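A short worksheet on the structure shown next.
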Amino acid sequence: MRGNFASLLSRLLCTAAAGVAAPVFAQGTAVANAPAASAPAEEKAAIGVADIVVTARKRAENLQDVPIAVTALGSVAMERAHITSVLDVAALTPGVTMTQFNIGEPQTYIRGVGSQTDSAASESSVTISMDEVAIGRGGATSIAFLDANRVEVLRGPQGTLYGRNASAGTISFYSNRPTNVFEGSVEASAGSFRTFGGKGIVNLPVGDGMAFRAAGQYSDSRGYAYNLLTGKHLQGGERYGGRLQFQAEKDAWTVLLTGDYSKDNLDGDSRSIVSTYLASPTFARLAAASNADRKNVWESETIPGTFQRRRNYGLVGRVEYAADWATLTSLTAYRNNLYSLRADYVGETNFPFQTDDRVNEASHQFSQELRLTSPSSSKIQWVAGLFYYSDSIDRQERFVVTAVAPLPTALGGDNTALQNASTKSYAAFGQVTIPFASIFELTLGARISRDKKEVFQQAVHNAPAGQGLGFPFFPGSLYAVPASASFTKPTWRATLAMEPSPDKHFYLSYDRGYKSGTFTSQAQNATQATFLVKPEQLDSFNLGAKTQWLDNTLRVNADLFYLDYKKLQVFEFGANLNFILANANARIKGAEIQVVIAPSRNLNVGMNASLLDGKFTSNPQFAGATLAYKGNRLSRAPRYKVSNYVELSEDMFGGRGLVRLSQAFQSDFFYNPSNDVAGLQKAYSVLNGFASWESESGLKLSLSADNLTNEQYSVHHISFQNLGVRIFAPPRSYTFTVSQRF
C-alpha cells in the first residue's frame with residue numbers, strides 16, 4: 001500500500017508541476033464535487049464533471065441551469081479541502097474574503113462588501129442561513145458543518161428570494177435529511193496542537209414514511225498560540241454539538257422537525273504588534289521590544305483569563321404540501337444565541353495602552369416564511385411568498401483600559417456600553433421564469449420589505465466619581481438614549497438567459513439590493529448614538545456564462561459584474577479613538593471564472609479566479625467630520641484571488657486511494673476604508689494537502705495537511721498609532737482521521 005501511495009503522490013506532484021504549480025485561475029472543487037448526493041454516489045460518477053443540484057432559486061435545479069454566480073461545495077469536496085469553518089469556504093470561493101474577530105463576530109465580504117460593526121442594531125451585508133433559515137447574528141452558525149450536505153455561495157445581491165440583508169450575497173448551508181434507509185458513520189480524529197475529536201451520525205427509519213436522523217460531534221485542542229506570561233496555550237478549547245431531525249411523509253404531506261444545540265468553551269486570542277514606517281520612533285521601539293522576545297507571531301503576552309464562550313440552539317418546523325398545481329412550504333424557526341468573551345486587544349504588557357474587553361451578548365430570533373412554488377413540470381416556473389422576522393439583542397461591552405505616557409492617561413478608565421435592540425421585518429416576494437422562442441427565458445422577481453428598528457443605548461461609568469471617562473467614550477459624555485427608524489424598500493431582479501445548446505448557458509441580469517439602516521455602537525456621546533446610518537442600496541449588472549465542453553469533461557463558468565452602491569455602510573476604528581459607522585458611495589467592477597477538468601475517473605483538476613476593482617466614490621460624514629475615503633480601495637477587497645487543486649485517485653487493495661494538492665492565493669488588501677498603511681495585509685499563498693484510502697466496506701483513513709509552507713497571514717487587524725495589532729492564522733498543522741460508514 002505504501003508503494004501505491006508513493007506512486008500516486010509522485011504522479012500528483014508531477015501533474016501539479018506541469019499544470020498548476022503557479023497560482024493560475026482558481027479552485028474548482030466548489031463546482032466539481034458538490035452534488036447533493038452521498039459520498040459513494042460521487043465516487044462512482046462516470047467520466048466527466050459531475051452534475052450539481054442546488055436550490056439557489058428555492059427549487060432543486062442543476063447548477064449549470066441557474067443564471068446566478070453560484071459556488072457549491074458538497075460534503076465530499078468539503079472533506080477533501082478540509083473545510084471546517086466559513087473561513088475555509090471563503091478561501092476557496094472567488095470574490096469572497098472573511099476575517100474572524102472572535103467566534104461571535106465573523107466578518108464576511110463578497111465582492112468587496114460586508115460588515116465589521118458589532119452594533120446590536122446592525123446586520124451583515126452577507127446573509128448566512130442554515131436549511132433556509134436566515135441567521136440574524138453571524139456567530140450563531142457553529143453547527144452548520146455537522147452532517148452537512150452542501151454549502152452554496154451566491155455572489156451578488158439576492159434581495160428577491162433571500163431578503164433585505166443579502167445586498168452583497170448569501171451563504172447557505174444544507175444538512176442531510178432523514179431517509180428511509182438505515183445508515184450512519186462514526187469518526188475519530190487527532191492532529192497537531194494536541195487536537196482530537198469525534199463524530200457520529202445515524203439515520204433510523206421508524207415506520208412507513210418516518211425516520212429519525214441524529215448527528216453529534218466533539219473536539220478539543222490545546223491551541224496553536226502560546227502565552228509567554230502564563231505559560232498556557234491560546235486559540236484552542238472545547239467544542240461540541242448535535243442535531244436531531246424527524247421527518248414524516250404521508251401522501252402529499254412532508255413534515256420535518258429539527259433541533260440543534262452547540263456549545264464552545266475556548267481560550268482567548270493571541271495578538272501580535274506589527275510596526276510600519278509611519279509609526280513614531282517611540283511606538284516603533286515599543287513594537288520592536290514587544291517582538292524581540294518572541295520566537296514567532298503565534299506568541300504573545302496576553303493578560304491571564306481571556307476566553308471565548310458560545311452556546312446556541314435552534315428549532316425548525318418545515319411543512320410541505322405538494323398539490324398538483326403548486327407546493328406549499330411553511331418554515332417556522334426560532335434561534336437562541338448567547339456568547340461572551342474576555343479579550344486583550346494588544347497582547348503586550350509593556351505597551352502604553354492596555355484594553356481588557358469583556359462582552360456579553362444574548363440574541364433571540366423568530367422567523368416565519370410561507371412559500372408557494374410551481375411544480376417542476378410546469379413550463380412557467382414561479383415562486384411567491386410572505387416572510388416575517390423578529391429579533392431581540394442585548395449586548396454589554398465593558399472596557400477596562402489603562403493608558404500611560406506617551407499617551408494621555410485620561411484615555412484610561414472603566415466603562416460599559418449597553419445596547420438593547422430589536423428588529424421587526426415583513427416582506428412579500430415573487431419571481432417568475434418564462435421561456436420563449438425556444439432558447440430564451442426571462443426571469444422577473446420583486447420583493448417589498450418593511451423594517452422597523454428600535455435601540456436603546458447607554459454609557460455607564462464604572463470607576464469612582466471624579467475619574468475621567470476614558471476609552472471608548474473619551475472625550476464625550478455619559479448618555480442613555482433611545483432611537484428608532486423604519487424603512488420600506490423594494491428590491492428586484494430581471495434576468496434574460498439564453499441556452500443555444502443543452503451545455504451552453506448565457507445570461508444578462510440587473511438586480512437591486514438593499515440592506516436596512518442602523519445605529520453605531522460604543523458611541524462617544526448621545527448625538528453619535530442616535531445618528532442614523534441610512535440603508536444601503538445596490539444596483540448590480542451581470543453578464544455570465546455556464547458552459548461545458550469536450551463531452552462534459554471541461555466546465556467553464558464565468559461572470560462579469562458592475563456594482564453601483566449608494567450609502568454603503570462602512571465601519572472603522574478611527575484615528576480619534578472612536579467607532580465610525582457612516583454611509584459612502586462605491587463603485588465595483590470585476591470578473592470571476594471557475595474551471596473544472598475531469599478527463600478521467602482518476603484525474604480531477606479545478607481552477608478559479610476573481611479580479612476585483614472596488615473604490616469609494618464619495619467622502620462620508622460622521623460626527624461633523626469628513627472622512628477622506630474617495631478614491632480609496634474598498635476594505636477586504638483583494639484585486640486578485642486565485643486558487644487551484646489537482647486530485648489523483650486509484651483503485652488499490654480492495655478500496656480507492658486519493659491524493660489532493662491545493663493552493664489558494666490572494667493579493668494584498670486593506671483592512672480599513674481609510675487605507676491606512678498599518679491596515680495593509682500583504683499578498684499570501686496557502687498550500688494544503690489531503691490523502692485518503694477507503695475500502696468498499698466503508699472504512700476510510702485520511703490525512704489532512706494545512707498551511708504546508710507555514711505562511712504567516714492575519715485573520716483580524718486593529719490599527720493603532722500607525723501600528724497593526726493582528727491575530728494570525730494557524731501555522732502548519734496535520735489531522736489524521738479514521739471513519740467507518742455502515
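Numbers here simply count residues along the sequence, with the first being 1. In this text the structure is predicted, and so the values were computed from the model without any measurement. Just the heavy atoms: all of them, side chains too, but no hydrogens, waters or symmetry mates, feed the values below.
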Go through R213 and E183 one step at a time and tell me if the salt bridge (charged side-chain N to carboxylate O under 4.0 Å, His left out) criterion holds. CA-CA 9 Å; R213 189 176 185 94; E183 60 182 357; 3.7 Å; yes

Answer yes or no: is there an ion pair linking R57 with D65, defined by an N-O contact shorter than 4.0 Å? no

Judged by atom type as modelled, is there a donor-acceptor pair below 3.5 Å linking the side chain of [X] to the main-chain atoms of [Y]?
X: R243; Y: L146; value: yes
X: R294; Y: E299; value: yes
X: S272; Y: V297; value: yes
X: T547; Y: V556; value: yes
X: D559; Y: N542; value: no
X: R732; Y: L708; value: yes
X: S262; Y: G241; value: no
X: S192; Y: Y734; value: yes
X: T93; Y: V89; value: yes
X: H233; Y: A225; value: yes

For [X] and [Y], which I'm curious about, is there any donor-acceptor pair between the side chains at under 3.5 Å?
X: Q64; Y: N557; answer: yes
X: E238; Y: Y218; answer: yes
X: N688; Y: R80; answer: no
X: N552; Y: Q548; answer: yes
X: T71; Y: Q594; answer: yes
X: Y645; Y: N604; answer: yes
X: Q235; Y: S270; answer: no
X: E187; Y: T737; answer: no
X: T55; Y: Y174; answer: yes
X: S667; Y: R639; answer: no

Would you say [X] and [Y] make side-chain contact, with heavy atoms under 4.5 Å?
X: Y671; Y: H716; result: no
X: F145; Y: V86; result: yes
X: S610; Y: K641; result: yes
X: L554; Y: V595; result: yes
X: L266; Y: R310; result: no
X: N296; Y: F728; result: no
X: Y507; Y: V66; result: no
X: K504; Y: W549; result: yes

Could you go through the side chain to side chain contact (heavy atoms under 4.5 Å, CB included) check for H82 and F690 one step at a time? CA-CA 8 Å; H82 200 214; F690 176 83; 5.7 Å; no

Check [X] against [Y] and note the closest heavy-atom contact, atom names and distance.
X: A81; Y: L92; value: CB-CD1, 3.6 Å
X: Y162; Y: A56; value: OH-O, 2.9 Å
X: L234; Y: D269; value: CD1-O, 3.7 Å
X: F212; Y: P178; value: C-CB, 4.3 Å
X: R111; Y: I588; value: O-CD1, 3.4 Å
X: A497; Y: P67; value: CB-CB, 4.5 Å

Interatomic spacing from [atom1] in [X] to [atom2] in [Y] - rounded to 0.5 Å:
X: K700; Y: E694; atom1: NZ; atom2: CD; answer: 4.5 Å
X: S704; Y: E79; atom1: OG; atom2: CD; answer: 7.5 Å
X: Q107; Y: R636; atom1: CD; atom2: CZ; answer: 5.0 Å
X: Y240; Y: N265; atom1: OH; atom2: CG; answer: 8.0 Å
X: T84; Y: R239; atom1: OG1; atom2: CZ; answer: 8.0 Å
X: S172; Y: I128; atom1: OG; atom2: CD1; answer: 9.5 Å

Going through the checks in order, is the side chain to side chain contact (heavy atoms under 4.5 Å, CB included) test met by Q681 and T99? CA-CA 12 Å; Q681 168 62 57; T99 57; over 6 Å; no

Steps toward side chain to side chain contact (heavy atoms under 4.5 Å, CB included) verdict (S733, Y224): CA-CA 9 Å; S733 62; Y224 63 84; over 6 Å; no

Quick check: are there more than 12 heavy atoms from other residues, nucleotides or ligands sitting under 6.0 Å from [atom1] of [X]?
X: F193; atom1: CZ; answer: yes
X: K232; atom1: NZ; answer: no
X: K589; atom1: NZ; answer: no

Evaluate the side-chain hydrogen bond (donor to acceptor under 3.5 Å, both in side chains) criterion for residues T195 and S221: first the C-alpha distance (whole Å), next the side-chain angles of each, then the deciding distance (0.1 Å), finally the verdict. CA-CA 4 Å; T195 301; S221 174; 2.9 Å; yes

Derivation and outcome, side-chain hydrogen bond (donor to acceptor under 3.5 Å, both in side chains), residues Y684 and Q666: CA-CA 6 Å; Y684 62 88; Q666 64 179 27; 2.9 Å; yes

Report the C-alpha distance between L63 and V70 in whole Å, list the side-chain angles of each, state the deciding distance to 0.1 Å, and finish with yes or no for side chain to side chain contact (heavy atoms under 4.5 Å, CB included). CA-CA 8 Å; L63 173 67; V70 183; 3.6 Å; yes

Kindly determine whether E647 and R660 satisfy salt bridge (charged side-chain N to carboxylate O under 4.0 Å, His left out), including the steps that lead there. CA-CA 4 Å; E647 287 181 359; R660 170 192 170 104; 3.0 Å; yes

Do the rings of F742 and F182 sit parallel, tilted or perpendicular, given the 30° and 60° boundaries? tilted

